[in-house]
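A short worksheet on the structure shown next.
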Amino acid sequence: MDMKDNIWVYSDLAGRYAELAGGVSSLGGKAQAIVVGSANSAAKAAASGVGKVHHMAFDEAGIVDNYLPGMVKLIQSSGDSFLVLVAATKRGRLMGARLAARLGAAVVSDVNGISMDADGLTVTHSVYGGLAQGTEKITASKAVLLVAPGAFDAPESAADSEVVAAEAETSDDVKCLGHHPKQASNIDIGRARRVVGVGRGLKAKEDLAMVDALAQSLDAEVGCSRPVAEDGMMEHERYIGITGVKLKSDIYVALGISGQVQHLAGINACRTIVAVNKDKNAPIFQHADYGLVGDLNKVVPALTKLLAQ
Ligand SMILES: Cc1cc2nc3c(=O)[nH]c(=O)nc-3n(C[C@H](O)[C@H](O)[C@H](O)COP(=O)(O)OP(=O)(O)OC[C@H]3O[C@@H](n4cnc5c(N)ncnc54)[C@H](O)[C@@H]3O)c2cc1C
């Protein structure tokens with residue numbers, strides 16, 4: 001069977017099947033979906049525009065990663081040539097990579113476009129932390145694509161598909177040793193209109209008070225670079241970048257942040273970037289609309305004072 005006629009989709013989050021269905025319909029086909037979860041999740045997937053849904057009932061005490069053998073078996077039984085689209089959630093990335101390894105398939109991550117012609121499958125995906133686009137031609141007969149969030153629009157309307165029970169063959173590769181509830185957090189700096197970000201240029205936790213004062217006078221949220229969160233100076237929900245929050249703010253003020261590519265990937269959708277750094281050669285200045293070379297310990301209080309006038 002041709003790859004185009006044998007497409008599968010998988011997501012650990014039921015809400016992402018509609019986007020995957022959109023990606024498949026851009027190829028002019030329908031996919032079969034694998035759902036590891038509740039009957040509700042299977043019904044949600046079935047209503048999202050995918051084709052037949054293979055539902056593996058999930059044991060609430062289990063770990064979704066351990067359902068890999070059943071998924072591999074199902075896909076392998078469909079033929080020698082197939083395409084699998086996996087939603088690139090945190091768990092999906094892991095599952096997609098393991099699936100590709102077990103299936104002996106080519107794998108491409110961060111995919112945001114797919115097309116298929118007589119020569120085969122072409123995919124576009126973001127590279128260098130979202131700063132550039134790469135185009136890859138898949139020459140293998142089996143491929144797993146990790147689909148970036150928002151890459152495809154959900155189909156406008158979709159009829160319910162058939163749901164069939166699938167054998168949930170599991171492994172015990174991953175064992176859960178315990179659950180620790182995370183402290184509830186309502187921080188969502190990804191939606192803030194203005195954000196002040198601090199980097200390793202800020203030396204002590206006490207210095208956050210002056211940053212908070214500046215943020216208050218700007219009516220802004222405070223974010224940070226990843227090392228600042230990893231050092232425990234700020235919550236993980238506040239770090240910005242490729243592996244953190246992606247901002248869409250009107251203003252982003254970067255204080256003592258060097259501007260590494262992984263951080264830039266989280267701010268390249270901001271409308272205006274202001275950078276303060278004591279090193280005039282810091283890469284952040286190449287991406288800033290306004291740059292101020294100086295010691296943030298002097299610049300931040302001075303800016304706050306100015307804004308108060
Ligand atoms: C796989 C991977 C994923 C990653 N994901 C992310 C991510 O999502 N987000 C992220 O942020 N990073 C991420 N990183 C880390 C990233 O590569 C950088 O190490 C990090 O962004 C640097 O943080 P920084 O700019 O705060 O620190 P530094 O690079 O150490 O820069 C500190 C800056 O502060 C300036 N400075 C020092 N003192 C002062 C002062 N008194 N006044 C003014 N300026 C001063 C210095 O000149 C310097 O430019 C990732 C790395 C890897 C390998």
Side-chain angles (χ1 to χ4, degrees), residues 88-94 96-97 107-110 112 125-132 134 146 148-150 185 187-192 195-215 218 220-249 251-270 273-306:
T89 62
K90 271 187 186 161
R91 272 190 189 279
R93 286 172 192 275
L94 206 61
V107 61
V108 184
S109 59
D110 286 324
N112 49 32
H125 67 138
S126 52
V127 292
Y128 302 126
L131 294 182
L146 299 172
S185 165
I187 303 163
D188 187 3
I189 64 164
R191 297 159 73 100
V195 178
V196 175
V198 287
R200 270 205 290 224
L202 193 86
K203 296 297 175 235
K205 197 164 183 173
E206 302 80 73
D207 297 335
L208 277 173
M210 76 176 167
V211 176
D212 284 339
L214 174 65
L218 283 169
E221 284 287 348
V222 180
C224 61
S225 64
R226 178 163 142 173
V228 170
E230 281 176 343
D231 289 349
M233 233 203 269
M234 290 186 75
E235 299 97 328
H236 270 71
E237 288 82 353
R238 291 192 190 268
Y239 92 74
I240 299 153
I242 181 100
T243 48
V245 182
K246 297 194 178 50
L247 301 180
K248 284 193 182 140
S249 58
I251 299 176
Y252 178 58
V253 183
L255 304 172
I257 291 179
S258 56
Q260 300 306 313
V261 66
Q262 295 90 351
H263 189 79
L264 295 176
I267 63 170
N268 56 21
C270 295
I273 298 174
V274 181
V276 178
N277 198 301
K278 68 177 186 184
D279 174 6
K280 69 175 175 22
N281 296 316
I284 189 79
F285 287 130
Q286 286 166 27
H287 302 272
D289 300 282
Y290 301 93
L292 224 158
V293 179
D295 182 344
L296 68 88
N297 296 297
K298 292 183 183 152
V299 173
V300 171
L303 274 179
T304 311
K305 201 169 160 191
L306 267 176

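As a basis for the values below, the full set of heavy atoms in this structure was taken, side chains included, without hydrogen atoms, waters or symmetry mates. For ligands, and for the atoms within them, numbers begin at 1 and follow the listed sequence.
Ligand 1 has no N or O atom lying under 3.5 Å from any N or O atom of Q260, backbone or side chain. In terms of polar-atom proximity, defined here as any N/O pair under 3.5 Å, V276 makes no such contact with ligand 1. An N or O contact shorter than 3.5 Å is missing between G199 and ligand 1 by distance. In terms of polar-atom proximity, A282 is not counted as a contact of ligand 1, lacking any N or O under 3.5 Å from an N or O of the ligand. The shortest N or O to N or O distance between S225 and ligand 1 is under 3.5 Å.
The closest approach between any non-hydrogen atom of C224 and ligand 1 is not below 4.0 Å. At a 4.0 Å cut-off, not a single heavy atom of G266 sits close enough to ligand 1 to count as contact.
Of all protein heavy atoms, the one lying nearest to atom 16 (C) of ligand 1 is Q262 OE1, 3.6 Å. Summary of contacts: the protein heavy atom closest to atom 41 (N) of ligand 1 is D295 OD1, 3.0 Å. Of the protein's non-hydrogen atoms, the one nearest atom 42 (N) of ligand 1 is L296 N, 2.9 Å. The closest protein non-hydrogen atom to atom 9 (N) of ligand 1 is I240 O, 2.8 Å. For atom 28 (P) of ligand 1, the closest non-hydrogen atom on the protein side is S258 OG, 3.6 Å.
Within the 4.0 angstrom cut-off, atom 20 (C) of ligand 1 has one or more protein heavy-atom neighbours.
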Quiz item: Step by step, would you call N297 with D295 a side chain to side chain donor-acceptor pair (under 3.5 Å)?
Solution: CA-CA 5 Å; N297 296 297; D295 182 344; 2.9 Å; yes

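Every atom of ligand 1 with a heavy atom of G244 under 4.0 Å away is listed here by number and element: 8 (O).
For the pair S225 and R200, the tightest heavy-atom approach, listed with the atom from each and the gap, is OG-N, 4.2 Å.
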